[in-house]
Structure formats: structure tokens, C-alpha cells
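Notes for the one structure printed next.
Naming convention: chains lettered A, B, ... in sequence-line order (proteins, then strands); numbering from 1 in each chain. Because the structure is predicted, anything quoted here is derived from the model rather than measured.
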Amino acid sequence: MDSGTDATDKSSRNFIEQIIDADLAAGKNGGQVHTRFPPEPNGYLHIGHAKSICLNFGIAKQYEGKFNLRFDDTNPAREEQEYVDAIIDDMRWLGCEWDDRLFYASDYFQQLHDWAVQLIEAGKAYVCDLDAEQMREYRGTLTEPGKPSPNRERTVAENLELFAKMKAGEFADGERTLRAKIDMASPNINLRDPVMYRIKKAHHQRTGDDWGIYPSYDFTHGQSDSLEGITHSICTLEFENHRPLYDWFCDSLGIHHPQQIEFARLNMTYLVMSKRKLLQLVTEKHVNGWDDPRMPTIRGLRRRGYTSHSIRSFCERVGVTKVNSTIDMVWLEDAIREDLNENAPRRMGVLRPLKVVLTNVPEGETAKVCELPNHPQNEEFGTRKIELGREIYIEQDDFQEDAPKKFFRLKPDGAVRLRGAGIAVLDEIVKNEAGEVVELHCAFNPDTTAKHNEKKVKGTIHWVNAEQAVEAEVRLYDHLFQTENPNKAPEGSTFLDNLNPSSLETVTAKLEPSLSHAEAGEKYQFERLGYFHVDPIDSNPGQPVFNRTATLRDSWAKSKS
RNA sequence: UGCCUCGUGGUGUAAUUGGCAACACAGCGGAUUCUGAUUCCGUCGUUCUAGGUUCAAGUCCUAGCGAGGCAGCCA
């Protein structure tokens with residue numbers, strides 16, 4: 001990962017780096033820094049996870065420490081191997097490395113079980129007979145204390161025996177739980193005798209049917225961190241109230257005690273970030289799968305044409321704090337523009353074609369062989385040759401019959417420069433019976449510096465030779481949601497009502513000939529239009545399909561609105 | 001109306017830990033340009049409120065206000 005700066009040459013530090021600096025200065029953890037990313041394999045990674053991944057991996061890298069990938073797979077009911085594979089793939093793509101430190105919480109099931117027995121023996125855990133509903137009643141509310149479970153004072157021997165029976169499968173799902181004996185009157189509800197183990201006779205994707213009881217998140221996470229020698233356990237704000245519990249288990253067990261640090265998760269405009277909502281978009285087919293280019297998933301962004309560099313750079317820019325904030329979507333677009341502006345070769349393509357006949361070019365003849373640079377600021381990209389013929393296509397937007405004064409493109413009695421070719425002067429507008437413009441007739445002058453009516457020609461437009469044009473499907477994307485905060489839905493409606501009905505538009509474009517060889521995964525700038533990615537799934541050799549990653553900034557369009 | 005956390009320009013973050021509130025993005029204006037792109041220059045604008053400590057407060061203290069999180073056998 002190349003976004004992080006060296007630990008020593010960075011002038012300002014986020015609050016987590018400051019904590020680590022202080023720990024290091026105090027000689028904590030033997031001067032080591034060890035982080036981890038702990039996804040639950042029940043969904044695909046999204047841009048919010050990327051923030052956490054970049055943070056954790058970046059810190060390990062910055063402090064020359066270690067980074068683990070660990071799947072938090074303690075709930076077999078909703079976790080699948082498919083997600084494990086996808087998460088690993090996305091994390092590699094993002095540039096993470098974890099050497100041989102790929103772990104699963106399920107690796108620790110036996111150890112966790114033994115620790116549970118240890119706590120029972122210490123009188124700090126007990127088997128509870130309450131069912132889910134009763135437990136809720138006993139727990140109390142936010143403002144009232146809970147009351148102790150009738151089973152809270154069972155003897156150690158009794159607890160040991162019952163827990164063994166839970167493990168042996170002698171009870172039905174939900175019939176018993178193992179609970180930590182902490183404080184039913186605690187103002188922090190997480191401390192009111194939280195569940196450590198529940199009975200769940202489900203098949204686990206890794207441990208099969210070995211276990212009929214599974215540890216809860218709270219009884220798993222801290223100990224997993226501890227086992228792996230994690231020094232700084234970085235998680236999101238909603239776990240803040242769980243930290244006392246994290247600490248309680250580590251201390252009660254007398255094991256290595258990593259430090260949990262919470263930061264604010266990423267929110268962005270025009271996006272939903274919850275796994276539940278993303279899953280719903282997929283299952284209800286509002287999008288075409290997890291990798292739909294409109295999705296904020298890593299897979300969606302990849303397919304849209306985002307580079308891992310741009311995502312890392314974005315994550316770097318948004319910073320890390322404990323303040324709930326919402327990042328403007330344009331920051332993401334900006335990050336990819338910055339990358340692709342530098343690295344994408346230029347091409348010409350016309351999205352909505354309007355035919356132009358250069359009347360002074362003889363039929364069947366080539367007016368000019370033009371040599372265009374593949375990158376205006378970087379000669380190393382080389383050049384390519386494009387033939388200009390009698391008939392070409394230009395963008396419909398680049399002609400306006402009733403044009404404002406500041407319109408620098410084609411208009412009646414006007415002239416434009418055809419990029420890399422010469423000047424076209426408009427002579428005649430051809431319309432059909434409905435009065436629609438179907439064709440333009442122009443006079444062509446191969447001198448690109450030629451003047452028109454004594455004036456310099458100000459506008460330059462892109463074009464494609466009609467005879468040689470290759471047709472290709474191009475997908476134009478807009479925000480998936482049309483409101484800044486899609487989660488905010490009025491009474492009686494849901495976030496789905498905020499979907500943007502025109503988030504996807506598919507056109508058949510006319511592209512310059514060289515693009516027929518475009519290969520899956522390649523990225524181009526279509527001049528004046530934006531950045532386009534050759535879709536890795538729907539493209540075929542000789543028949544590329546393009547996804548628009550981002551438009552170019554357009555101060556002209558902005559000035560009109 | 002319990003506990004926890006957080007309040008710095010439009011947005012996101014800084015502030016050498018008590019010493020002239022800065023950076024980026026957005027906005028606006030301009031220059032350059034064979035992409036109305038890129039690049040460059042200029043400009044606008046900020047410490048939630050009220051007290052207190054101090055020569056000095058974004059930073060420390062008190063109160064208030066506002067926002068978020070928490071009552072799964074989810075993570």
C-alpha cells in the first residue's frame with residue numbers, strides 16, 4: 001500500500017496514531033504494533049470497510065508492525081464460504097498482505113470453550129434457563145436496572161455439568177445459555193450478565209457439526225485478539241459500550257489485553273452502507289448483483305473502473321476521528337479522476353451520434369490522416385493515427401441551433417475545431433419531416449489554426465469517422481439514490497423509495513477504430529466525456545462493453561444549471 | 001429521560017498538547033489550453049452557547065444546548 005506516509009515524516013497524526021505514539025513511548029507491547037481486520041463473512045466488503053482496512057493495514061505498515069485477517073465466524077446461521085472467498089479477493093486487490101496470518105475465530109472454539117469452563121470454575125459464569133423473551137424482561141430497560149436470573153446462584157458443579165450438557169447437545173436450541181456473572185444493575189446494559197454461549201445446532205462452514213454451541217461476539221472477539229497478540233484492536237463507534245466487557249473478559253481470564261479503540265464509520269452522500277440494505281438491493285433486484293457498478297461494494301467499484309490506488313487515496317483523505325460525519329460523494333469521484341487523469345490513455349468516442357457531412361471532401365476519400373497524442377501531458381503514451389473521412393459523427397450536445405453567445409461548439413454560421421483534424425464550418429442543417437436535426441453539412445479546412453470570420457475558433461469537439469466507427473455498448477451511471485441521505489425516508493416509505501430511476505442508461509456509442517481491440521479491465525478517457533472501463537464480465541474479444549467510471553468535470557454544464 | 005461518545009468554514013480534517021486558527025475539497029473570480037479536461041493564480045468563509053481559571057483558551061473547569069450509540073441467544 002503506497003498511501004501511508006512514513007511514521008517519522010508525517011507532521012499531523014490522527015487520534016489513533018497519537019495513542020500508538022504514546023504507547024510506544026511508554027514502552028508498551030514491547031514496542032510492537034499489531035492490528036487486524038475482523039470481517040464477518042456474511043456479505044461483501046464495501047467502501048466503508050475499505051476505510052477500516054486501510055486504517056488497520058496502514059497503521060501496521062506505518063509502524064512496521066503486523067496485520068492479520070481474521071474472519072469473525074461465530075454465527076453459522078448467516079455466514080458462507082462464498083463471502084470468505086470474496087473478502088479475501090477484495091482485500092488482496094486493495095493491496096493488503098497478511099502473510100500466513102489468515103485466521104478464523106472458529107479456530108479458537110476449543111480454547112474459548114476451555115476459557116468458559118475456567119470462568120465457571122471461578123464463579124464468574126453460569127448456565128441460565130431463561131428463554132429469549134424472559135431474558136429480555138429480566139434485563140431491565142435503559143433507565144431501570146435488571147433483576148437477577150433465578151439461576152444466577154447455581155453452584156460451580158451444577159454449572160459445569162449443565163454447560164457440558166449444552167455442549168453434548170442435550171438441550172434444544174435456545175433452551176439454555178451460558179452467561180457472564182457481572183452486574184444486573186449496571187447502567188451499561190452490555191454488562192447485565194451478557195450471553196457467552198448459545199445453543200445453535202447449525203452446520204458451520206468450517207467446523208461442520210463439531211459444535212452445537214457457539215460463542216457470542218463479546219466472548220470471542222477480545223480473546224481472539226489476545227490469542228493473536230493484537231496490540232491495538234480498532235473498531236467502529238457502536239462497540240464503545242462493549243469495551244468494558246472486552247476488558248472484563250481479558251482481565252478475568254488473565255490473558256494478554258489488547259487495547260480497543262473506536263473510530264467513526266464512513267458515511268457518504270447518495271449511498272447506503274448497511275449490509276442489510278445492500279443485501280436487499282441485491283435480492284430484490286434493484287441492482288444487478290453485488291458487483292453492480294452502482295454499488296458501493298469493492299466489487300462494484302472495481303467493476304465501475306475504480307483503481308485500488310484511488311480507493312486508498314480516498315480513505316487517506318477522509319481521515320479518522322470519533323466524529324460522525326458524512327463524506328460528499330464527489331470526494332470518491334475526485335480520487336478516481338485524479339488517478340485516471342494521470343494514467344488513462346485518451347480516445348475519442350461519440351455517445352449520442354449526430355452525422356456530419358464534410359461536403360468538400362470527395363466521397364470515398366480520406367480527408368486527412370490525423371495523429372493524436374494518447375495523453376496531452378505525457379509523451380510516453382505515444383500517438384495514434386486516425387483517418388478523417390467525408391462523413392463523421394459528432395456529439396448531439398455539440399450542436400445547438402439556438403445557441404447562447406457563450407456556446408463555443410457548432411452553431412449556425414459557426415465553426416469548431418475537430419480535435420486533431422481541422423476546422424469545420426457549418427453550412428446547412430438537414431432536418432426530417434418532424435423538424436428534427438438529422439444531419440449537418442460543413443465545409444472542412446485541414447488547417448487547425450484557421451480563423452472564422454476573422455476570429456479564432458474557440459471550441460474543440462471530438463468526432464469519429466463514420467465509415468470506420470465501431471459500435472459498442474456503453475453504460476452511463478448516475479447516483480443509485482436521488483437523495484443525499486437515502487436512509488432518511490418519510491413516514492410510510494423506505495430507502496428504496498429514494499432509488500434513482502435513471503441511475504443506469506445504456507447507449508450504443510460510435511467509437512474510434514482502435515477501441516475495437518480494447519481488452520477487459522482497460523481504462524480510457526474518452527475525451528471531453530469521462531473515464532471508461534472495459535467491463536471484465538460482459539465484454540468479448542473484439543466486442544468491448546464500456547462502463548463509465550466518472551465524467552470529467554464540466555464547468556460548462558455547471559454554469560448552465 | 002439511564003449510561004457512553006462527539007460538537008472547529010458549505011464538507012472533511014489540522015493546530016508543535018495553553019501561544020498569530022491552518023490544509024484539502026467544494027464555491028466564486030481570473031490565467032493557460034486543439035479536451036469548457038488538466039494545470040496555475042487569486043478570493044470567500046470557522047472554534048455550539050453561557051460562565052470560570054489564565055498575561056493568554058479551539059485546547060483546562062462548570063453548566064446548558066445539540067448530535068450519535070446502546071435494552072439480539074447479531075457482529
Pairs under 3.5 angstrom, nitrogen or oxygen only, protein versus nucleotides 27-33 of chain B, please.
residue	atom	partner	partner atom	Å
G27(B)	OP1	K558(A)	NZ	2.5

Sub-3.5 Å pairs of nitrogen or oxygen atoms, protein against nucleotides 66-70 of chain B:
residue	atom	partner	partner atom	Å
G68(B)	O2'	N324(A)	ND2	3.2
G69(B)	N2	N241(A)	ND2	2.9

Using nucleotides 20-24 of chain B, report all nitrogen or oxygen pairs with the protein that are shorter than 3.5 Å.
none

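Looking at the side chain of L552(A), the nearest of the listed nucleotides A37(B), A14(B), C34(B) is A37(B). Nearest to the side-chain atoms of Q18(A) among the listed nucleotides U35(B), A71(B), U17(B) stands U17(B). Side chain of T74(A), nearest nucleotide from U1(B), A75(B), C73(B): A75(B). Nearest to the side chain of Q377(A), among C74(B), A37(B), U35(B), sits A37(B). Nearest nucleotide to the side chain of N14(A), out of A14(B), U35(B), C34(B): A14(B). In this structure, the nucleotide among C74(B), U35(B), G12(B) sitting nearest to the side chain of R419(A) is U35(B). Across U35(B), C73(B), U13(B), the shortest atom-to-atom separation from the side chain of S325(A) is found for U13(B).
Panel note: side chain Q134(A), backbone D131(A); a donor-acceptor pair is recorded below 3.5 Å. Looking only at distances, no side-chain donor or acceptor of K510(A) sits under 3.5 Å from a matching main-chain atom of W463(A). Panel note: side chain R176(A), backbone D129(A); no donor-acceptor pair is recorded below 3.5 Å. With hydrogens and angles ignored, the 3.5 Å screen pairs a side-chain donor or acceptor of D173(A) with a backbone N or O of K201(A).
Counting non-hydrogen atoms under 4.0 angstrom, Q525(A) reaches a base of the nucleic acid. Using a 4.0 Å heavy-atom cutoff across all strands shown, T141(A) reaches at least one base atom of the nucleic acid. At a threshold of 4.0 angstrom between heavy atoms, the contacts of V320(A) are confined to the sugar-phosphate backbone, with no base atom among them. Backbone-only engagement by K200(A) is indicated by non-hydrogen atom pairs under 4.0 Å involving sugar-phosphate atoms exclusively. Residue contacts for R136(A): at a heavy-atom cut-off of 4.0 Å it reaches the sugar-phosphate backbone alone, with no base atom in range. Contact annotation for R139(A): backbone-only contact, meaning every heavy-atom pair under 4.0 Å involves sugar-phosphate atoms and none involves a base.
Using a cut-off of 4.0 Å between Lys/Arg side-chain N and Asp/Glu carboxylate O, R13(A) and D21(A) are scored as salt-bridged. One finds no salt bridge joining E371(A) and R384(A) here, because no Lys/Arg side-chain nitrogen approaches an Asp/Glu carboxylate oxygen to under 4.0 Å.
Base orientation of G72(B): syn (glycosidic angle within 90° of 0). Base orientation of U17(B): syn, since the glycosidic angle falls within 90° of 0.
Listed by chain and residue number, D339(A) satisfy the side chain to side chain donor-acceptor pair (under 3.5 Å) test with N343(A) (two or more places apart in sequence, or in another chain). Scored by the side-chain contact (heavy atoms from CB on, under 4.5 Å) test, N241(A) finds N188(A), N190(A) as partners (sequence neighbours excluded).
Judged by centroid separation below 5.5 Å and plane tilt below 30°, W556(A) stacks onto the base of G36(B).
Ring centers of F109(A) and H204(A): under 6.0 Å apart, within the cut-off.
For RNA chain B, the stems formed by at least three consecutive Watson-Crick or G-U pairs, with both atom-pair distances below 3.5 Å, span B:2-7 with B:65-70, B:10-13 with B:22-25, B:27-31 with B:39-43, B:48-52 with B:60-64.
Interface remark: the T448(A) side chain does form a donor-acceptor pair with the C34(B) base, using a distance-only criterion of under 3.5 Å.
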